[in-house]
Amino acid sequence: GVLKEITPKLLKDRFAAFRERGLTDGITMSQVLEEGCYDVAIESYLLGANFSKFGYFGETEETVKERCKLEEKHLVDTMFNFLLYWGKISDLDMYNEGLYHNCGQYVDGWWKEGFNKGKQRYKLRLH
């Protein structure tokens, strides 16, 4: 399936890029935290892939995203809360807005990748 596209190296590299944005500087990193973010990445990717059929059948990416906005928000919230809890952030106010936005971008990037890969798979399968 579409999951074959996600390698451990890709997960690690994307997470490293997420961290390099500087918004996780006050977060105590750990294996648990990193693996939790990998889980969110995979769930986001699968969400995009699962909804890609609507894109294949002519809906715009924005319209499709609207269909699953609650699921996507849940993933962003999950990642954000996970980082706050496991990252042992002492000054929560300092991070909330920027970190939440960054989590949204992380989820969105994985969603788009799953969506595009899913659409490609529909094309290959149905033609």
Side-chain angles (χ1 to χ4, degrees):
V2 286
L3 268 183
K4 280 188 261 179
E5 308 280 340
I6 300 181
T7 64
K9 183 183 179 338
L10 183 61
L11 284 167
K12 229 177 207 343
D13 290 351
R14 288 277 180 83
F15 186 66
F18 170 76
R19 287 192 59 198
E20 281 166 17
R21 291 195 194 122
L23 288 168
T24 59
D25 287 352
I27 297 176
T28 307
M29 280 297 156
S30 67
Q31 194 63 38
V32 168
L33 201 148
E34 207 165 311
E35 287 173 5
C37 292
Y38 295 167
D39 289 345
V40 168
I42 291 167
E43 289 296 323
S44 303
Y45 180 88
L46 288 175
L47 183 66
N50 288 339
F51 277 78
S52 65
K53 64 178 171 273
F54 298 109
Y56 175 77
F57 290 112
E59 286 187 22
T60 66
E61 188 176 299
E62 293 74 33
T63 307
V64 178
K65 238 176 176 298
E66 193 62 28
R67 283 180 176 272
C68 60
K69 73 177 179 188
L70 290 177
E71 293 96 326
E72 188 176 16
K73 184 183 181 322
H74 174 71
L75 288 168
V76 175
D77 290 347
T78 298
M79 181 174 180
F80 177 69
N81 290 317
F82 191 73
L83 285 167
L84 289 183
Y85 180 78
W86 286 100
K88 300 176 180 70
I89 296 176
S90 51
D91 184 5
L92 298 183
D93 292 339
M94 192 171 101
Y95 286 93
N96 284 356
E97 205 173 309
L99 183 61
Y100 191 83
H101 177 73
N102 224 14
C103 290
Q105 288 187 321
Y106 184 79
V107 167
D108 180 63
W110 280 108
W111 186 91
K112 282 182 176 154
E113 188 151 337
F115 178 77
N116 290 324
K117 290 281 191 260
K119 265 179 37 176
Q120 285 173 358
R121 287 178 65 83
Y122 269 99
K123 281 179 190 163
L124 293 173
R125 206 171 20 206
L126 299 174
H127 280 82

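Computed from a predicted model, the values in this text were never measured in an experiment.
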*Are Tyr106 and Val32 connected in the hydrophobic side-chain network, where two residues link if heavy atoms are under 4.5 Å apart?*
yes
_Separation between NZ of Lys119 and CG of Leu124, rounded to the nearest 0.5 Å_ = 13.0 Å
*Does a side-chain N-to-carboxylate-O contact under 4.0 Å join Glu66 and Lys69?*
yes
*Check against side chain to side chain contact (heavy atoms under 4.5 Å, CB included), Tyr56 and Val64*: CA-CA 10 Å; Tyr56 175 77; Val64 178; over 6 Å; no
*Please name all residues satisfying salt bridge (Lys or Arg N to Asp or Glu O under 4.0 Å) with Glu59, sequence neighbours left out, ordered by chain then number.*
Arg67
*Starting at OG of Ser44, measure out to CZ of Phe115 and round the result to the nearest 0.5 Å.*
15.0 Å
_Within the 4.5 Å heavy-atom criterion, are Trp111 and Glu71 side-chain neighbours or not?_
no
_So which atom in Phe82 and which in Gly36 form the shortest heavy-atom distance, rounded to 0.1 Å?_
CE2-CA, 3.5 Å
*In Å, rounded to the nearest 0.5 Å, how long is the span from CG of Asp108 to NZ of Lys112?*
4.0 Å
*Considering all heavy atoms, the nearest Met79-Cys103 contact*: CG-SG, 3.8 Å
Less than 3.5 Å apart, which donor and acceptor atoms pair up between the side chains of residues 4-12 and the rest of the protein, not counting sequence neighbours?
from: Thr7; atom 1: OG1; to: Leu10; atom 2: N; distance (Å): 3.0
from: Lys9; atom 1: NZ; to: Asp13; atom 2: OD2; distance (Å): 2.6
from: Lys12; atom 1: NZ; to: Glu34; atom 2: OE2; distance (Å): 3.4

*Measuring from Leu47:CG to Lys65:NZ, what's the distance to the nearest 0.5 Å?*
8.5 Å
_Could you go through Leu33 and Phe15, starting from their C-alpha distance and side-chain angles, then the distance that decides it, and tell me whether this counts as side chain to side chain contact (heavy atoms under 4.5 Å, CB included)?_
CA-CA 11 Å; Leu33 201 148; Phe15 186 66; 4.2 Å; yes
*Going from SG on Cys68 to NE2 on His74, what distance comes out if it is rounded to the nearest 0.5 angstrom?*
13.0 Å
*Measure across Trp110 and Ala41 and return the closest heavy-atom pair with its distance rounded to 0.1 Å.*
NE1-CB, 3.3 Å
_Working note: Leu99 + Leu84, criterion side chain to side chain contact (heavy atoms under 4.5 Å, CB included); need CA distance, chi angles, decisive distance, verdict._
CA-CA 9 Å; Leu99 183 61; Leu84 289 183; 4.0 Å; yes
*Could you tell me the separation between the CD1 atom of Ile42 and the CG atom of Leu75, rounded to the nearest 0.5 Å?*
12.0 Å
